[in-house]
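One structure is given here, and the rest of the page talks about it.
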2 protein chains.
Amino acid sequence: MKYKEKLRNSGLRPTKQRVQICEVLFDTEKTFHFTINDLERKIKDKIDNKISLATIYNTVHAFEKKGYLKQIPINSNQTYFDTNINDHHHFYDLKDGKLIDLENSDVGPINIKKKINGKKIKSIEVLVKLED
Amino acid sequence: MKYKEKLRNSGLRPTKQRVQICEVLFDTEKTFHFTINDLERKIKDKIDNKISLATIYNTVHAFEKKGYLKQIPINSNQTYFDTNINDHHHFYDLKDGKLIDLENSDVGPINIKKKINGKKIKSIEVLVKLED
DNA sequence: ACACCTGTTTAGAACCATTATAAACTGCGA
DNA sequence: TCGCAGTTTATAATGGTTCTAAACAGGTGT
């Protein structure tokens, strides 16, 4: 029932589908990366009832807007999301298209010297591309 | 004729279309960012004959593979490319979707401490998201 | 417990950037 | 000039994502 609370507190009505998607996304030891397609399969595996693709899209976007998920900036035919919302970065293995977490402690501090007036920095994301 | 040489030297047959696309991309004072759609319009403006969309895609991908263009890792419905192939980074203004260059001197050195065995780092790209 | 309202879910269609196709064309070496 | 492999082209196909509008379901007030 913890997800019902969490959802209600952030202004999202705690529907059956949203709670079930929370369970798939957040009932895990480790955080993980996924595409909508990955998530669709995970849901099929873990949940008896069907959740429509449109709902999966809606929910993922709603969760991202609330800050429960992060989109990973990467050029791929599919959008990648991350259940790890802490500041961290990624390796991207070009050979097999796999993403690997880079903890913040794995990357030295990043100092942005340039400023754009009227704007503030929302996030700093580093993508390290790997080849053989 | 400089582009004919350049193309031939990198194993690309210097066709009329490729040379013309070179002129649109590289005959400029400053480097710039673009989507395929942007490039299509630029070509229409500067070139008399038509170049088909498929050729634009083919050429951009060929140039990227040869290292004359870089793809910018960003989540957008369209793929962004950059004629600046030096190591540098980007601001991304979330409000209006605009990209702004961050010169390497604007960003302190980035130290990646983690290693993946058998893999080497091909590139390090930083995306700084801006909000109001 | 009921009804109602609004937010949510749903299947399917629509959208649109990108890629595939296959026929016509062209740079270039023989 | 000939011939071929590499390119270009218009168009169709693909596939992830978004839209639509009808059915459904939390939640509040009665």
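Computed from heavy atoms alone, side chains included, the values below leave out hydrogens, waters and symmetry copies. Numbers restart at 1 for each chain; the letters A, B, ... are given by sequence-line order, proteins then strands.
- Taking atom CG of Leu12(A) as the reference point, atom P of dT8(C) lies 7 Å away to the nearest angstrom.
- More than 12 heavy atoms of other shown residues, nucleotides or ligands fall within 6.0 angstrom of atom NZ in Lys129(B).
- Side chain of Asp45(A) to main chain of Lys42(A): no donor-acceptor pair is present (N/O by atom type, distance under 3.5 Å, no hydrogens or angles).
- The distance from atom CD1 of Ile56(A) to atom C1' of dT8(C) is 14 Å, rounded to the nearest whole Å.
- Per the geometry, CD1 belonging to Ile36(B) stands 14 Å off C1' belonging to dC16(C), to the nearest Å.
- Taking 4.0 Å as the cut-off between side-chain N and carboxylate O, Lys115(A) and Asp106(B) do not count as a salt-bridged pair.
- A donor-acceptor contact shorter than 3.5 Å links the side chain of Arg18(B) to the backbone of Arg13(B).
- For the pair Lys6(B) and Phe26(B), the cation sits on the ring face: its NZ or CZ lies under 6.0 Å from the ring centre, inside 45° of the axis.
- Contacts between chain B and DNA chain D, taken as any atom within less than 4.0 angstrom of a protein heavy atom, begin and end at dA5(D) to dA10(D).
- In this structure, Lys113(A) places its NZ atom where more than 12 heavy-atom neighbours from other residues, nucleotides or ligands lie under 6.0 Å away.
- The distance between atom CD of Glu64(B) and atom P of dT19(C), rounded to the nearest whole Å, is 10 Å.
- His61(B) contributes no side-chain N or O that, together with a main-chain N or O of Thr59(B), makes up a donor-acceptor pair within less than 3.5 Å.
- For Asn77(B) and Ser52(A), each mapped to the nucleotide of DNA chain C holding its nearest heavy atom, the one lying further toward the 5' end belongs to Ser52(A).
- Asn37(B) comes within 4.0 angstrom of no nucleic acid atom, judged by non-hydrogen atoms across all strands.
- Between the side chain of Thr28(A) and the main chain of Thr31(A), no donor-acceptor pair closer than 3.5 Å is present.
- Arg18(A) places its CZ atom 4 Å from the P atom of dT9(C), with the value rounded to the nearest Å.
- Atom CD of Glu40(B) and atom P of dT18(C) are 11 Å apart (whole Å).
- The interatomic distance linking Arg41(B) (CZ) with dA17(C) (P) rounds to 11 Å, in whole Å.
- When the shell of 6.0 Å around CG of Asp48(A) is examined, it contains 12 or fewer heavy atoms from other residues, nucleotides or ligands.
- Remark: Tyr57(B) is in phosphate contact with dT18(C), judged by side-chain N or O atoms under 4.0 Å from OP1 or OP2.
- The CD-C1' distance, from Gln78(B) to dT18(C), rounds to 11 Å in whole Å.
- Thr35(A) comes within contact range of no nucleotide atom at all, as no heavy-atom separation falls under 4.0 Å.
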Polar atom pairs between nucleotides 22-30 of chain C and protein, under 3.5 Å, N or O only, would you list them?
unit_1	atom_1	unit_2	atom_2	d
dC28(C)	OP1	Arg8(B)	NH1	2.6

